[in-house]
**Student:** 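Before anything else, here's the structure in question.
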There are 2 protein chains.
Amino acid sequence: MNTQDLPANILDPNCPSRVIFQRIGDKWASLVIQVLGEGPVRFSELRKMVSVVTPKVLTQTLRALERDGLITRTVHAQVPPRVDYELTAMGESLLQPLSLLREWAESHVPTILEARDAYDDAQDEALLGSPSWAGRTGLPRG
Amino acid sequence: MNTQDLPANILDPNCPSRVIFQRIGDKWASLVIQVLGEGPVRFSELRKMVSVVTPKVLTQTLRALERDGLITRTVHAQVPPRVDYELTAMGESLLQPLSLLREWAESHVPTILEARDAYDDAQDEALLGSPSWAGRTGLPRG
DNA sequence: GCTATCAGTATCTATTGGATACCTTTGACT
DNA sequence: AGTCAAAGGTATCCAATAGATACTGATAGC
């Protein structure tokens, strides 16, 4: 669904689906949605649960999600104020895809940490142990 | 799997799963992985397919994915150089969760665009049409 | 009065992302 | 011999974003 009304395609930089995909993949947005999966939460609670996010960035994230129709924001005119955030139906429909990703991340932690160690060791070795003409390209240096 | 070896939990800021989750949700990383789902691709091809990414950022993304063991980088010692990027088995295991998210994004494009329009209209109206004492909080201003 | 509560802003700085130019080697072309 | 193109990046500089910190505002309770 780009300007030419072709089918949505994330690889097309002009396609809104790409922007939306990146909004979902935002650093904080996906965490917020998963927290709200349990039910409505107020601002300060959200801040504690999605630690460590600064209020400015949390506000930005929430506004963006609200604009996209994924959450609602309800203000109770009290003092001190109470503002509840809650998933919309569309927001809830994101929970399942997100939880799959979350499970993937949580289950692959050990493997990825090992891969990082191996990579970092290889880097160190390349810097310290090998002759200076052996670069990453496999070709001689200039 | 945090420093105390508790079960992985994305909501714990000390848990590596959180970092990994955010790496997946990186602006370009997930697109790269989806492109590589078709098979090995060389740098310049990748740049065209994942437009519009600058070479610096693409390099950073690829290095990070390589470090995490999600892709491999193979250099063919030719001139001009040829470098192929390819998913590892772990990288391939990410394809399914990611494609779900992609399908979600592509299918919700119209609804989200409508929500944005509605939100923006409401904002304009609030700014232009309503009395100045009616803020977002529902409480009087100071 | 003074303080606490809650939901944010305002301000400033550090980090990241992006645009652009440039580098390297070698074969093909002139 | 000189020049250009190709591929996979770096280097450099500037803009946008994220983050740290301080602060606002109304009111209830002490």
Side-chain angles (χ1 to χ4, degrees), chain A residues 13 18-19 22-23 25-32 36 40-66 71-86 123 126 132-142, chain B residues 13 18-19 22-23 25-32 36 40-66 71-86 123 126 132-142:
Chain A
R18 181 153 175 174
V19 181
Q22 297 184 338
R23 161 78 29 84
D26 177 77
K27 184 170 180 181
W28 301 110
S30 48
L31 291 178
V32 165
L36 293 183
V41 182
R42 58 195 301 183
F43 188 85
S44 55
E45 281 301 308
L46 212 42
R47 254 201 93 190
K48 283 175 211 156
M49 297 175 77
V50 186
S51 57
V52 185
V53 59
T54 61
K56 190 188 77 171
V57 175
L58 182 57
T59 301
Q60 288 170 352
T61 303
L62 291 169
R63 292 285 185 280
L65 290 174
E66 188 191 1
I71 65 174
T72 57
R73 175 180 182 273
T74 48
V75 181
H76 307 272
Q78 314 171 347
V79 171
R82 176 194 185 91
V83 178
D84 283 321
Y85 292 92
E86 191 172 7
Q123 290 299 99
S132 62
W133 42 262
R136 270 184 71 86
T137 61
L139 293 169
R141 279 209 189 129
Chain B
R18 181 153 175 173
V19 181
Q22 297 183 339
R23 159 78 28 83
D26 176 77
K27 184 170 179 181
W28 300 110
S30 49
L31 291 178
V32 165
L36 293 183
V41 181
R42 57 196 301 185
F43 188 86
S44 54
E45 282 301 306
L46 211 42
R47 255 201 92 190
K48 283 175 210 156
M49 297 173 78
V50 186
S51 55
V52 185
V53 59
T54 62
K56 190 186 80 170
V57 175
L58 182 57
T59 300
Q60 288 171 351
T61 304
L62 290 169
R63 292 286 186 281
L65 290 174
E66 189 191 1
I71 65 174
T72 58
R73 174 179 183 273
T74 49
V75 180
H76 307 275
Q78 313 171 346
V79 172
R82 176 193 184 91
V83 179
D84 282 320
Y85 291 93
E86 191 172 7
Q123 290 300 99
S132 61
W133 41 262
R136 270 184 73 85
T137 60
L139 293 169
R141 278 205 190 133

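Quick note on labels: first sequence line is chain A, next is B, and so on, each numbered from 1.
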**Student:** Report the nucleotide, chosen from D:dG8, C:dC6, D:dT27, that has the shortest atom-to-atom distance to any side-chain atom of B:Arg82.
**Tutor:** D:dG8
**Student:** Which value, rounded to the nearest 0.5 Å, describes the distance between B:Gln60 atom CD and B:Arg63 atom CZ?
**Tutor:** 10.0 Å
**Student:** Write down the distance between NE2 (A:His76) and P (C:dA7), rounded to a whole number of angstrom.
**Tutor:** 10 Å
**Student:** Look at the side chain of B:Gln22 and the backbone N and O of A:Lys27, then say whether any donor-acceptor pair between them is shorter than 3.5 Å.
**Tutor:** yes
**Student:** Is the phosphate of C:dT9, meaning OP1 or OP2, less than 4.0 Å from a side-chain N or O of A:Arg63?
**Tutor:** yes
**Student:** Is there a side-chain contact between B:Thr59 and the phosphate of D:dG9, meaning an N or O under 4.0 Å from OP1 or OP2?
**Tutor:** no
**Student:** Please list each protein N or O that sits under 3.5 Å from an N or O in nucleotides 18-20 of chain C, with the distance.
**Tutor:**
residue, atom, partner, partner atom, Å
C:dG18, OP1, B:Lys27, NZ, 2.8
C:dG18, OP2, B:Trp28, NE1, 3.1
C:dG18, N7, B:Lys56, NZ, 3.1
C:dG18, O6, B:Lys56, NZ, 2.4

**Student:** Starting the side chain at C-beta, find the nucleotide from C:dA7, C:dT26, C:dC6 nearest to A:Val83.
**Tutor:**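 Looking only at heavy atoms from C-beta outward on A:Val83, the closest nucleotide is C:dA7.
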**Student:** Using whole Å, report how far CG of A:Leu62 lies from C1' of C:dC6.
**Tutor:** 14 Å
**Student:** Looking at CG of A:Leu65 and OG1 of A:Thr72, how far apart are the two atoms once the value is rounded to the nearest 0.5 Å?
**Tutor:**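 Result: 11.0 Å between the selected atoms.
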**Student:** Starting at CD of A:Gln60 and ending at C1' of C:dA10, how long is that distance when rounded to a whole Å?
**Tutor:** 12 Å
**Student:** Quickly work out the B:Gln78 CD to C:dT26 P distance and round it to whole Å.
**Tutor:**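 That distance rounds to 13 Å.
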**Student:** Knowing that exactly one of B:Leu62, B:Val32, B:Thr74 qualifies, which makes a side chain to side chain contact (heavy atoms under 4.5 Å, CB included) with B:Tyr85?
**Tutor:**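 Output: one option passes, namely B:Leu62.
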**Student:** Would you tell me if any nitrogen or oxygen in the side chain of A:Ser44 comes within less than 4.0 Å of OP1 or OP2 on C:dC6?
**Tutor:** no
**Student:** Which one, D:dG9, D:dA18, D:dG25, comes nearest to the side chain of A:Pro81?
**Tutor:** D:dG25
**Student:** Compare every heavy atom of B:Arg73 with every heavy atom of B:Val75, then report the nearest pair and how far apart it is.
**Tutor:**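 Answer, listing the atom of B:Val75 first, then B:Arg73: CG2-NH1, 3.5 Å.
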**Student:** Could you please name the option among D:dA26, C:dG17, C:dC6 that lies closest to any side-chain atom of A:Val79?
**Tutor:**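 Minimum distance to the A:Val79 side chain belongs to D:dA26.
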**Student:** Indicate whether OP1 or OP2 belonging to C:dG8 is found under 4.0 Å from a side-chain N or O atom of A:Tyr85.
**Tutor:** yes
**Student:** How many whole angstroms separate atom CD of A:Gln22 from atom P of C:dG17?
**Tutor:**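 Roughly 12 Å, once rounded to whole Å.
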**Student:** Grab the CZ-P distance between A:Phe43 and C:dT9 for me, whole Å please.
**Tutor:**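 So the CZ-P distance, A:Phe43 to C:dT9, works out to 8 Å.
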**Student:** When rounded to the nearest 0.5 angstrom, what distance separates CG in A:Asp84 from CG in A:Leu46?
**Tutor:** 10.5 Å
**Student:** Take atom CG of B:Leu58 and atom C1' of C:dT16, then tell me their distance rounded to the nearest Å.
**Tutor:**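 These atoms are roughly 16 Å apart.
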**Student:** Any chance you could lay out the side chain to side chain contact (heavy atoms under 4.5 Å, CB included) test for B:Ile71 and B:Leu36, step after step, and finish with the verdict?
**Tutor:** CA-CA 9 Å; B:Ile71 65 174; B:Leu36 293 183; 3.7 Å; yes
